[in-house]
Amino acid sequence: MTESQQLLAQYVQTGSEAAFQELVSRYVDLVYSVALRLVEGDTHRAEDVAQTVFVDLARMAHALSPNVMLGGWLHRHTCFVAGNTMRGERRRQSRERQAVEMNVLHDHSDADYLSIAPILDEAINQLNEADRTAILLRFFEQRDLRSVGESLGTNEDAARMRINRALEKLESLLKHRGVTTSAAVLAVTLSANAIQVAPIGLAVTISAAAFSATGIATAATATTKAIAMTTLQKALIGTTLVAAIGVGMYEARQASVARAQIGTLQRQQTSLTEQLARERDEAAGQLAALRDNRERLNRDTTELLKLRGEVTRLRADSQELARLKASNTNDQTLSEAVVWKNRVNQLKQYLEQSPTAKIPELQLVTEQDWLNAAKGNLNTEADYRRALSALRASAENKFITTLLQPALKEYGRANNGQFPADLSQLQPYFKSSVDAAILQRWEVAPAATVKALGMGGDVIITQKAPVDDLYDTRFGIGPNGFGSTDFLSSLTRDVLAPVNQAFAAANNGKFPEDLSQLLPYAVTPEQQAALQKLIQKRATDK
């Protein structure tokens, strides 16, 4: 038997006022909290409902089972009394409309919680007795899991499982009412909001009211005893009643003062909460700024380390060059080799600073390919673009000759000379693993895509797009081998064909000595753009 059941039994058997007051003290917060939610936050009405519930408990205690879970009985009876108090079609419709419209429990503000609270208690009442008792013991009576298990006649683990299942059932019941939440959110919300502290003095007021009510009822059932009382006894009883009424009025006045004080404290708390929220937002902004500064500093530090490494390498090269010059000033070939090596380093540095100029095929190039690409001067932007285009062409040529063509031969051998419809079909035929990023740059296209290569067949394999459309080389691989042309020509040939024809017709079939002579005959934006690219490339090739 639990302590609450023992106190109830003591009150039933002896009429102990102390036992009843202890029960009121234990459960007044639970009853007041449930009532407050069900009467839409009206504190005065909630106090009235709480007083009625405990009066009913005092009156009906003899009829309750000795094994009753008092928290569950008080929760249900509070819902019943509050429902009678709040009965009315207008309030019911307003409450249901609010429950449907809000996105429940994801916002834990006091206003939203008070709006959904009546629906939450109705849903709890729909749980079976075992689940409802587990919820009330854990969140309304705020007991730990061991105490809940003892009250339910189980152990701590079983109590935890029972509570989790009850929360899941409660989640399902709320969903049927248009309320979206989760068992985890319900657990947090109930822990934080299920119990509200009852006003100071309410327990004493309720106890006095309950005993007054039950005293009147007892007097009504014992009229014959009252008739036998002496005049002195009646006078004493009258005096006692007057004193009790006076005490009740005094306590009610004290409770009113306490409520006013609580209201003041709540307003102060609201102001403090708003101030803390502002300070929190300011701190969050400062933290975000500090994070941005740290990330920028990390980037700057990384770039600085790269530059230091590059400076160290260049200094070493300069020292090596100076040493070589000092040892053999007449060795012109050696000096040129050092300069050439410096150009390679410059080209590598430029590529690191231009990630869009990279292609995955560059993993196939050798140091000799770098030397070949850096043969010329690197004085202008166009010089660097041409050098990187040559390096990409070397890498793509290596991919074709060492990987793609052997795989095509093996595929044709295994498929009666057929050409693949998609590059993914070649995967099993590569001699070594091929980076998927490389294959993404190539496609099987109609042979007319790159004209005049003469690779045979109806389709070829070629790059999907250039990295640098002025200088890049376009390859075409067909059944009869592979060839190449510059990307710009393959992209502009068909577009400029009408321009060339118009010029020839106006100039007795002659070709233009300068591309700028074609400008009057480029009439569409596409033709004008293509011609400008050819003029630009021709100018940088000089």
Side-chain angles (χ1 to χ4, degrees), residues 344 347-348 351 354-376 385-495 497 537:
V344 170
L347 187 60
K348 288 182 178 180
L351 182 60
S354 308
T356 57
K358 296 180 180 180
I359 60 173
E361 290 90 330
L362 289 178
Q363 60 190 276
L364 303 175
V365 300
T366 63
E367 193 64 26
Q368 184 60 48
D369 294 319
W370 280 98
L371 289 169
N372 293 338
K375 280 182 179 179
R385 289 173 63 182
R386 269 195 298 268
L388 289 178
S389 178
L391 186 66
R392 286 191 294 267
S394 297
E396 291 166 334
N397 186 72
K398 275 187 171 25
F399 167 63
I400 293 169
T401 56
T402 62
L403 294 171
L404 186 57
Q405 279 195 316
L408 277 171
K409 289 181 180 178
E410 291 298 322
Y411 180 87
R413 213 177 274 121
N415 293 274
N416 298 321
Q418 295 295 315
F419 205 75
D422 189 272
L423 288 182
S424 61
Q425 295 174 297
L426 295 178
Q427 280 285 17
Y429 301 96
F430 285 114
K431 292 187 298 184
S432 59
S433 177
V434 176
D435 189 345
I438 294 179
L439 297 182
Q440 287 294 323
R441 295 192 63 249
W442 299 76
E443 65 178 348
V444 178
T449 303
V450 186
K451 296 180 179 179
L453 286 183
M455 298 296 101
D458 297 326
V459 293
I460 60 171
I461 297 174
T462 186
Q463 303 105 306
K464 292 180 180 178
V467 175
D468 189 326
D469 59 2
L470 283 186
Y471 300 107
D472 276 4
T473 300
R474 185 163 205 173
F475 292 93
I477 304 94
N480 298 332
F482 76 96
S484 65
T485 183
D486 62 291
F487 244 108
L488 188 59
S489 296
S490 68
L491 293 175
T492 59
R493 181 180 288 109
D494 291 342
V495 175
K537 184 174 185 300

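What's counted below: heavy atoms across the whole structure, side chains too, no hydrogens, waters or symmetry copies.
Summarising the geometry, atom CG belonging to Leu364 is positioned 11.0 Å from atom OG belonging to Ser394; distances are rounded to the nearest 0.5 Å. Summarising the geometry, atom CG belonging to Leu347 is positioned 9.5 Å from atom OG belonging to Ser354; distances are rounded to the nearest 0.5 Å. Taking CD of Glu367 as the reference point, atom CG of Asn372 lies at 10.5 Å (rounded to 0.5 Å).
Gln405 approaches Phe482 most closely through the heavy-atom pair NE2-CD2, 3.3 Å. Here the shortest heavy-atom pairing between Leu388 and Ala357 reads CD1-CB, 4.0 Å. Pairing each heavy atom of Gln427 with each of Val434, the nearest pair is NE2-O, 4.4 Å. Across every non-hydrogen atom of Ala387 and Ala373, the tightest pair is CB-O, 3.4 Å. Here the closest heavy-atom approach between residue Gln425 and residue Pro428 is recorded as O-CD, 3.4 Å. The heavy-atom pair separating Thr449 from Ala445 by the smallest distance is OG1-CB, 3.7 Å.
With a 4.5 Å cut-off on side-chain heavy atoms, Leu426 and Leu439 do not count as touching. Here the side chains of Ser389 and Arg392 are in contact, with some heavy-atom distance below 4.5 Å. Using a 4.5 Å cut-off on side-chain heavy atoms (C-beta onward), Leu403 and Ser432 make contact. A heavy-atom distance below 4.5 Å is found between the side chains of Lys358 and Leu351.
Taking 4.0 Å as the cut-off between side-chain N and carboxylate O, Asp369 and Lys398 count as a salt-bridged pair.
A donor-acceptor pair under 3.5 Å is formed between the side chain of Asp486 and the backbone N or O of Ser489. Remark: the backbone N or O of Phe487 is paired with a side-chain donor or acceptor of Ser490 at under 3.5 angstrom.
Every residue two or more places apart in sequence or in another chain that forms a ring-ring contact (aromatic ring centres under 6.0 Å, His included) with Phe399 is listed here: Trp442. Residues forming a ring-ring contact (aromatic ring centres under 6.0 Å, His included) with Tyr411 (at least two apart in sequence, or on another chain): Tyr429. Applying the side-chain hydrogen bond (donor to acceptor under 3.5 Å, both in side chains) rule to Glu410 yields the partners Arg413; only residues at least two apart in sequence or on another chain are considered. For Thr492, the side-chain contact (heavy atoms from CB on, under 4.5 Å) partners two or more places apart in sequence, or in a different chain, are Leu488, Leu496, Ala530, Leu534.
Counting only residues at least two apart or in different chains, salt bridge (Lys or Arg N to Asp or Glu O under 4.0 Å) contacts with residues 415-439 are absent.
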Could you pull out all donor-acceptor pairs under 3.5 Å where a side-chain atom in residues 454-468 meets a protein atom, sequence neighbours excluded?
residue : atom : partner : partner atom : Å
Thr462  : OG1  : Arg474  : NE           : 3.1
Thr462  : OG1  : Phe475  : O            : 2.7
Gln463  : OE1  : Phe475  : N            : 3.0
Gln463  : NE2  : Glu396  : OE1          : 3.2
Gln463  : NE2  : Glu396  : OE2          : 3.4
Gln463  : NE2  : Thr473  : O            : 3.0
Lys464  : NZ   : Gln440  : O            : 3.0
Asp468  : OD1  : Arg385  : NH2          : 2.9
Asp468  : OD1  : Leu470  : N            : 3.1
Asp468  : OD2  : Arg385  : NE           : 2.7
Asp468  : OD2  : Arg385  : NH2          : 3.3

